[in-house]
Participant: 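Quick one: the structure is below, and I'll ask about it shortly.
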2 protein chains.
Amino acid sequence: MHDVAAAAGVSQATVSLVLNSASGSRFSEETRKKVRDAVNRLGYRTNAHAKTLREGVAGMIGFIGDTVATTPFAGAIIEGAQQRAWEDGLLLLTVNTGGDKELEAASLDTMLSYKVAGVVYAGMYHRRLDVPEALTGVRSVVLNSQDRAGRVASVAPDEVKGGYSAARRLLDAGHRRIALINIESLESELPAAVGRYEGYRKALDEAGLELDPDLVRFGTGGEEDGYKYAMELMTSGNPPTAIFCANDRGAWGAYQAVSDLRLSIPGDVSIVGFDNQATLAPFLRPGLTTFELPFVAMGRRAVELILQDAEPDGRVELMDCPLIERNSVTHPKEMP
Amino acid sequence: MHDVAAAAGVSQATVSLVLNSASGSRFSEETRKKVRDAVNRLGYRTNAHAKTLREGVAGMIGFIGDTVATTPFAGAIIEGAQQRAWEDGLLLLTVNTGGDKELEAASLDTMLSYKVAGVVYAGMYHRRLDVPEALTGVRSVVLNSQDRAGRVASVAPDEVKGGYSAARRLLDAGHRRIALINIESLESELPAAVGRYEGYRKALDEAGLELDPDLVRFGTGGEEDGYKYAMELMTSGNPPTAIFCANDRGAWGAYQAVSDLRLSIPGDVSIVGFDNQATLAPFLRPGLTTFELPFVAMGRRAVELILQDAEPDGRVELMDCPLIERNSVTHPKEMP
DNA sequence: TTGATCCAGTTATACGAATAACTGACTAAA
DNA sequence: TTTAGTCAGTTATTCGTATAACTGGATCAA
């Protein structure tokens, strides 16, 4: 900047003031042109560190994830966060800890030494987690999870509404016997499992249907369980006309079971998934109707909470999982 | 740091020298203890910007990708880069441009204003690309792609060797009629397609086998083509005993075709894939024997080239794709 | 004519750390 | 006793930017 000032024949302060044009038309057009020309001629680029040193806060946001980057379907969460940050000219300083608490603490420390404007603390799957202590005093947001202590603002998918909408989609198509192949036993308190189940029950209840325990199964979330339970359900005396699989991998297993039974989807049984797994759901035959986890939107929202003026409180913000309509749902056979 | 110095009753310079302990045992143990105590008491954390301002280079590496973060199987590339960077205490400043050249230029500019130690320029798939001009003068490495101009060092998968190893794996199992379902027509100059094909031919040639053009098909890389070509191949008068699918998605299609034909894998036909797509290959029945793109290793290596003392030259460094053995390969039926 | 106000800049300083160069006290060799 | 050398720190300066406070001249209202 000194060089620019020298080249333009003005003082360093003038260059700074012209470039940041804060003081409106304080300088003559002539002077401003001289400065701009010198800047271009020298290819001057401001030193962000000097600026930060002066201003106290960097144009960067820290992003800490356990394994977000390697979780196939969650990379989008970084994408969303970065997009939103860039809209305000900020960059993302990212770290994947892989769950290593020591690395987490150390890298967080380094981030703070870089005076990041805030920290996004992302979980690879929706759960209740404990936020590292070092985050107190720093503006931060928990992403795709919830702060167990309820102190830090959190952004997570609305699992209940997702489960509700899934069941609702099938009810609206005319189904009355709707099975659920859930992700995991409810004892785990996995919000995805608990929430989607709750939404499913709510939708059935609203439709005046009794919950049939025979139609609800709990697996591990793997496709083997999807296969096993779909097989059981479809070979039982009173099979369902539709299955809501609480994750796409389970749905894949269900597809295989239905195929092995020489039945067709959606002719013999409608299937709704959850997750909209990009490498799976669109490629199944028929394409799987499912719900998308709003990774991009959540990433955006988390950064937005950091950028906003007001200090965010410990609220949990739940975001809608949009329905991705494909071809695995139709009316049940009995329906006219 | 001034506060620490005041609390410890020494000068700021002393604090700095003690903390960086560069000058060995220059200070008495007593003084050093005073300083350490004050640091702990005040929770002092160094200001990275002041340090960078003084030293000229930040402890950060820029990572620019077109869509790496959203490409499901390539998130690992960031993971690898970040791991290696952290081993030297550096953080990654990441940006996904989504192919937007304007965003790319602007964010690169911001990165440079942060005095990054170097820039990793990653492509989402292996291709020849043009490096942005702004990178000249900055230490940089092209990752998962190659600099068309050959000026910037590049790290990419060894496609030829990969194709060779795949064909070799089948030859070693005793196969002599080995089909290839390639990713794309060769006109595209896609290194993955060209290279894997070349390796395939080389292996056949070494084994003294003539290349049968009927056994080589070129598709789009989608599973529909895998299905279509596998169906054609297996229903022809002289079907292959093994198929090398140059990508896992194609292999998936082939699986479906084989299943529809009431044939079994690997009993009736062995299949080898490529990519080791995490959400697919392990979950197929039987598990798909395939080759892994060394994303983590490549990410690590790219950062290593940036960190090493010597300025990297424009060489292309090709990295091995390891064989992931599962259950889709066995001896051909004719073999004893 | 005088004081107030505006104009178009400049000067001086702070941000926080690293380090070259210095200091004053003590020790050891000649 | 002088001189050189070590020890344990301190002083002063640098990095690049933003901005508060200032300056000297012109304009304007009373």
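So that the names make sense, note that chain A is the first sequence line, chain B the second, and so on, each numbered from 1. None of the values given here were measured: they were computed from a predicted structure.
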Participant: Between C:dA18, D:dT10, C:dT10, spot the one nearest the side chain of A:T14, thanks.
Facilitator: C:dT10

Participant: Find which nucleotide of DNA chain C each of A:A50 and B:K51 is nearest to by heavy atoms, and output the residue with the more 5' nucleotide.
Facilitator: A:A50

Participant: Measuring only between side-chain heavy atoms, which start at C-beta, is B:L305 closer than 4.5 Å to B:E317?
Facilitator: yes

Participant: Return the NZ to CD distance between A:K115 and A:E55, rounded to the nearest 0.5 Å.
Facilitator: 13.5 Å

Participant: Which whole-number value in Å describes the distance from B:F27 CZ to D:dT10 P?
Facilitator: 7 Å

Participant: Mark yes or no for a side-chain to base donor-acceptor pair under 3.5 Å between B:R54 and C:dG16, with no hydrogen or angle criteria applied.
Facilitator: no

Participant: Going by the angle between their ring planes, with limits at 30° and 60°, are A:Y114 and B:H49 parallel, tilted or perpendicular?
Facilitator: perpendicular

Participant: Counting heavy atoms from C-beta on, name the nucleotide in C:dA18, D:dT19, D:dC15 closest to the side chain of A:A13.
Facilitator: D:dT19

Participant: The side chain of A:R26 is closest to which nucleotide in this list: D:dC22, D:dT10, C:dA17?
Facilitator: D:dC22

Participant: Which nucleotide sits closest to the side chain of B:Y44: D:dT17, D:dT10, C:dA17?
Facilitator: C:dA17

Participant: Please determine whether any donor N or O and acceptor N or O are separated by less than 3.5 Å between the side chain of B:Q12 and the base of C:dA18.
Facilitator: yes

Participant: Tell me the bend of the helix from C:dT1-D:dA30 to C:dA30-D:dT1 as the angle between end helix axes, each from five pairs, rounded to the nearest 10 degrees.
Facilitator: 60°

Participant: Report the distance from atom CD of A:E79 to atom CZ of A:R300, rounding to the nearest 0.5 Å.
Facilitator: 9.5 Å

Participant: Would you mind classifying the nucleic acid contact of B:T52 as base, sugar-phosphate or nothing, using non-hydrogen atoms under 4.0 angstrom?
Facilitator: nothing

Participant: Considering only heavy atoms from C-beta outward, does the side chain of B:V131 approach that of B:R151 to under 4.5 Å?
Facilitator: no

Participant: Please pick, from D:dG16, D:dG9, C:dA17, the nucleotide with the shortest atom-to-atom distance to any side-chain atom of B:T31.
Facilitator: D:dG9

Participant: Hey, is A:E104 close enough to A:K101 for a salt bridge, meaning N to O under 4.0 Å?
Facilitator: yes

Participant: Counting only non-hydrogen atoms, which of residues 105-115 of chain A are less than 4.0 Å from DNA chain C?
Facilitator: none

Participant: Any ring-ring contact (aromatic ring centres under 6.0 Å, His included) involving residues 121-153 of chain B? Give me the pairs, sequence neighbours left out, ordered by first then second residue.
Facilitator: none

Participant: With rounding to the nearest 0.5 angstrom, report the CG to OH distance, A:L19 to A:Y44.
Facilitator: 6.5 Å

Participant: So what does A:H2 touch, heavy atoms closer than 4.0 Å: a base, only the sugar-phosphate, or nothing?
Facilitator: base

Participant: Can you check salt bridge (Lys or Arg N to Asp or Glu O under 4.0 Å) on A:E30 and A:K33, steps first, answer last?
Facilitator: CA-CA 5 Å; A:E30 192 196 332; A:K33 186 164 164 30; over 6 Å; no

